[in-house]
Amino acid sequence: MSRSYQRPENALKRASEFIDVGKPNRALEVLYEVIKRGKMRSSYSEKLLEPIMFKYLELCVDLKKSHLAKEGLYQYRNIFQSVNVSSLETVVRRYLSLAEERTDFARRESHQAVVDIDDLDNLATPEEILLSAVSGEDAQDRSDRTILTPWVKFLWESYRQCLELLRTNSRVERLYHDIAKQAFRFCEKYSRKTEFRKLCDNLRTHLSHIQKQQGSATAVNLNNPETQQMNLETRLEQLNYAIKMELWQEAYKAIEDISDLMNKSKKMPKPHVMASYYQKLSLVFWKAGNQLFHAAALFKLFQLLRDQKKNITSEELGKRASIVLIATLAIPLPSAHPEFDRFIETEKSALEKIEKLATLLSLPKPPTRISLIRDLIRFNVVSAVPQELQNLYQLMEVEFDPLHLCNRMQSNLEWIQEHPELGLTQYVPALQEMTITRLVKQVAQIYQSITFKRLLELSVFIDGFHLERILVDLVRHNDLQIRVDHRSECVHFGADLSESQREDLPEGPMLQSLPSETIRCQLVEMSSSLQSCVALIVPESKKNEMEPMRAQTIQCYQQTKQREHMKILQRQHIIEERKEMLENQNLEREESIRRAQEEQLKKQKEEEQLRLEREASRREKARQEEQLKQIHTKQIKDRLIQISQTSYGQKMMEKFDEETLIGYSGSPSSSSYMVVETSSR
């Protein structure tokens, strides 16, 4: 490259000339030479390099060369990330705004609202190329895809590159999270589900790398409350957009990240943040079909609103209580596993999953349907709902009326459907199925057998196929012993007198146990009765049997009491020492954290002071050079005036004007003095 535009101002002028003659690639090369020159760029100020970077990024956007934009941004970051972070933020925001403007313009110009390509990283698969060759796609569709798709891909690459650029520097942490939120809006605006998944994975990877790369001066510190708050806000935004785009798997992953961040945080988030978190968590559980944890999340939300919201009205409280009550009543009965399954670790993964879901709700142990109903009664949730819903609760959980259960439930469900403002209509199918389950369990306590037709008449709002499926599920979950006789069209309950597999207490309204459930306690009752008879017949036998053992126990106690007493005292002393040691360790850790923070602040202040000193010295040097240049120019002018007063100088001045001669004074020494000496001769 020639010397005329090695300096930044000359390079910018030269690039403008190339753009004017229609050679933007050459202009891009000129600007990139200035940006990548490591030895010279450190002496340039941001006022000089920012316009060059703006023009460079504008050309990269116009030519859709994201890789060159990435290289330029990395070079610019290396210059100003420790000197002037605001300049780096300005450049990055300018680059993204240019890319967004061009993409919006392409969207308005095209007839497409969104891009109909699954993955922007693989625009044209072999299958799509063959399909486009034989399809009847018209020219307008192809032109729309040609106009919009490249710009959407360019914008996606721009977001990804900027996030990768800024992920490790704590000074641009706010910019990083702002760009992540912009990328979420981009994915929703253009319906980019594949890119949204990749974006969430990238953010999760960046967070894991941050946890591994602690200790640097500019590294992101996850123990900082502001950093935790920004990460939490970004994950909440991610959860919000995942729900809007109906990406429930990504929504669940975002919930896990939010839960981890809240557990690591030293202070609890604000109540409105927790309320939004519980509300979205309940929606995710509902979409996943987990009605138990859906109701538990709604109950946590109800408690939070009742305790934290001071100006909550009775109407709003009643609406929230109604949602919690109906969601709890709609929970299906838990599967009553056989007794021997409890001693086999086949369900370990399922238990771990339930415990993990409980940690998302900050619960000490997993909830159950019975525990939630007890909590509703304990916190007076039932008394806060309308009377129709209180009647529904009494019908489902308290009263025993199998012959009129479904008819009475039908009127309550109709009332729910007539009041859609309560938001309870989504629970109607689950309530219907739960009502049929209650009906079958209550009928089994009264009848030994019943015709299928009569049972179907009692089940008002379902058909025969649905009823038979519920019966099969009750048997499969080990809730009841049911045998369906299709030949006689009868249903038999508890006919098998073998040992029942259930060990838990009965759930729901109970009149009496089935024969199969009473037989399981027969041996236990027989053993208890025999022991009572032996105690009545020979009352002193047990005492006589225990006397030698009692004497031996007393003797052993007398021999070891002193030693055990010393052990207890020593144990108490060890506990006190351990407590003191833990307290000292905590104090030392807090002191080390405080010293590390002070050292980091001191180091940052020293770096800032060095930067200011370098900047001041650079400005002083530039000022001295400017003064020398002015003095040199003045001397040349004075010398030219003296020469022009001679006859030979007047002839020379006709050929050279003063501006041309002064133009040579830019380089000090040789050329200007050569002109002066030639003129004097």
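Quick caveat: nothing in here was measured; it's all calculated off a predicted structure.
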Would you say that [X] contacts [Y] through its side chain, given a criterion of any heavy-atom pair below 4.5 Å between the two side chains?
{"X": "Tyr393", "Y": "Ile377", "result": "yes"}
{"X": "Val475", "Y": "Val484", "result": "no"}
{"X": "Pro386", "Y": "Trp415", "result": "yes"}
{"X": "Asn240", "Y": "Phe184", "result": "no"}
{"X": "His177", "Y": "Asn231", "result": "yes"}
{"X": "Gln161", "Y": "Leu165", "result": "no"}
{"X": "Tyr176", "Y": "Thr234", "result": "no"}
{"X": "Val440", "Y": "Val491", "result": "no"}

Distance in Å, [X] [atom1] paired with [Y] [atom2], rounded so as to fall on 0.5 Å steps:
{"X": "His466", "Y": "Leu456", "atom1": "NE2", "atom2": "CG", "value": "12.0 Å"}
{"X": "Trp151", "Y": "Glu101", "atom1": "CH2", "atom2": "CD", "value": "11.0 Å"}
{"X": "Leu424", "Y": "Lys319", "atom1": "CG", "atom2": "NZ", "value": "9.0 Å"}
{"X": "Leu439", "Y": "Asp401", "atom1": "CG", "atom2": "CG", "value": "10.0 Å"}
{"X": "Leu325", "Y": "Gln390", "atom1": "CG", "atom2": "CD", "value": "8.5 Å"}
{"X": "Leu163", "Y": "Thr205", "atom1": "CG", "atom2": "OG1", "value": "12.0 Å"}

Taking it one step at a time, do Lys253 and Asp257 satisfy salt bridge (charged side-chain N to carboxylate O under 4.0 Å, His left out)? CA-CA 6 Å; Lys253 291 179 181 178; Asp257 295 339; over 6 Å; no
Any donor-acceptor N/O pair, [X] side chain to [Y] backbone, under 3.5 Å:
{"X": "Arg167", "Y": "Glu173", "value": "no"}
{"X": "Asn263", "Y": "Ser259", "value": "yes"}
{"X": "Glu355", "Y": "Pro366", "value": "no"}
{"X": "Ser322", "Y": "Gly318", "value": "yes"}
{"X": "Thr328", "Y": "Val324", "value": "yes"}
{"X": "Glu100", "Y": "Leu155", "value": "no"}
{"X": "Ser371", "Y": "Pro367", "value": "no"}
{"X": "Arg438", "Y": "Met396", "value": "yes"}

Is it the case that Arg107 places NZ or CZ above or below the six-membered ring of Tyr190, under 6.0 angstrom from the centre and within 45 degrees of the axis? yes
Has Lys193 got its NZ or CZ under 6.0 Å from the middle of the six-membered ring of Phe196, at an angle within 45 degrees of the ring axis?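 Relative to the ring axis of Phe196, which defines the angle, Lys193 lies outside at least one limit.
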How close do [X] and [Y] get, counting heavy atoms only, and between which atoms?
{"X": "Cys200", "Y": "Glu250", "answer": "CB-OE1, 3.4 Å"}
{"X": "His492", "Y": "Ser449", "answer": "ND1-CB, 3.3 Å"}
{"X": "Leu372", "Y": "Ile331", "answer": "CD1-CD1, 3.8 Å"}
{"X": "Leu203", "Y": "Ala180", "answer": "CD2-CB, 4.2 Å"}
{"X": "Thr103", "Y": "Ala99", "answer": "OG1-O, 2.7 Å"}
{"X": "Thr425", "Y": "Pro420", "answer": "CG2-CA, 4.4 Å"}

Is [X] atom [atom1] crowded by more than 12 heavy atoms from other residues, nucleotides or ligands, each under 6.0 Å away?
{"X": "Lys270", "atom1": "NZ", "result": "no"}
{"X": "Gln394", "atom1": "CD", "result": "yes"}
{"X": "Lys244", "atom1": "NZ", "result": "yes"}

Determine whether the side chains of Glu164 and His206 contain a donor N or O and an acceptor N or O closer than 3.5 Å. yes
How about Gln387 and Asn391: does a side-chain donor come under 3.5 Å of a side-chain acceptor? yes
Run Lys198 and Asp201 through salt bridge (charged side-chain N to carboxylate O under 4.0 Å, His left out) and show every step you take. CA-CA 5 Å; Lys198 292 181 181 179; Asp201 291 339; over 6 Å; no
Between [X] and [Y], does any side-chain N to carboxylate O distance fall below 4.0 Å?
{"X": "Glu457", "Y": "Arg454", "answer": "yes"}
{"X": "Asp104", "Y": "Arg108", "answer": "no"}
{"X": "Lys356", "Y": "Glu256", "answer": "yes"}

For residues 291-308, which side-chain N or O atoms pair as donor and acceptor with protein atoms under 3.5 Å away, sequence neighbours left out?
unit_1	atom_1	unit_2	atom_2	d
His294	ND1	Ser282	O	2.7
His294	NE2	Tyr427	OH	2.7
Arg306	NH1	Phe379	O	3.2

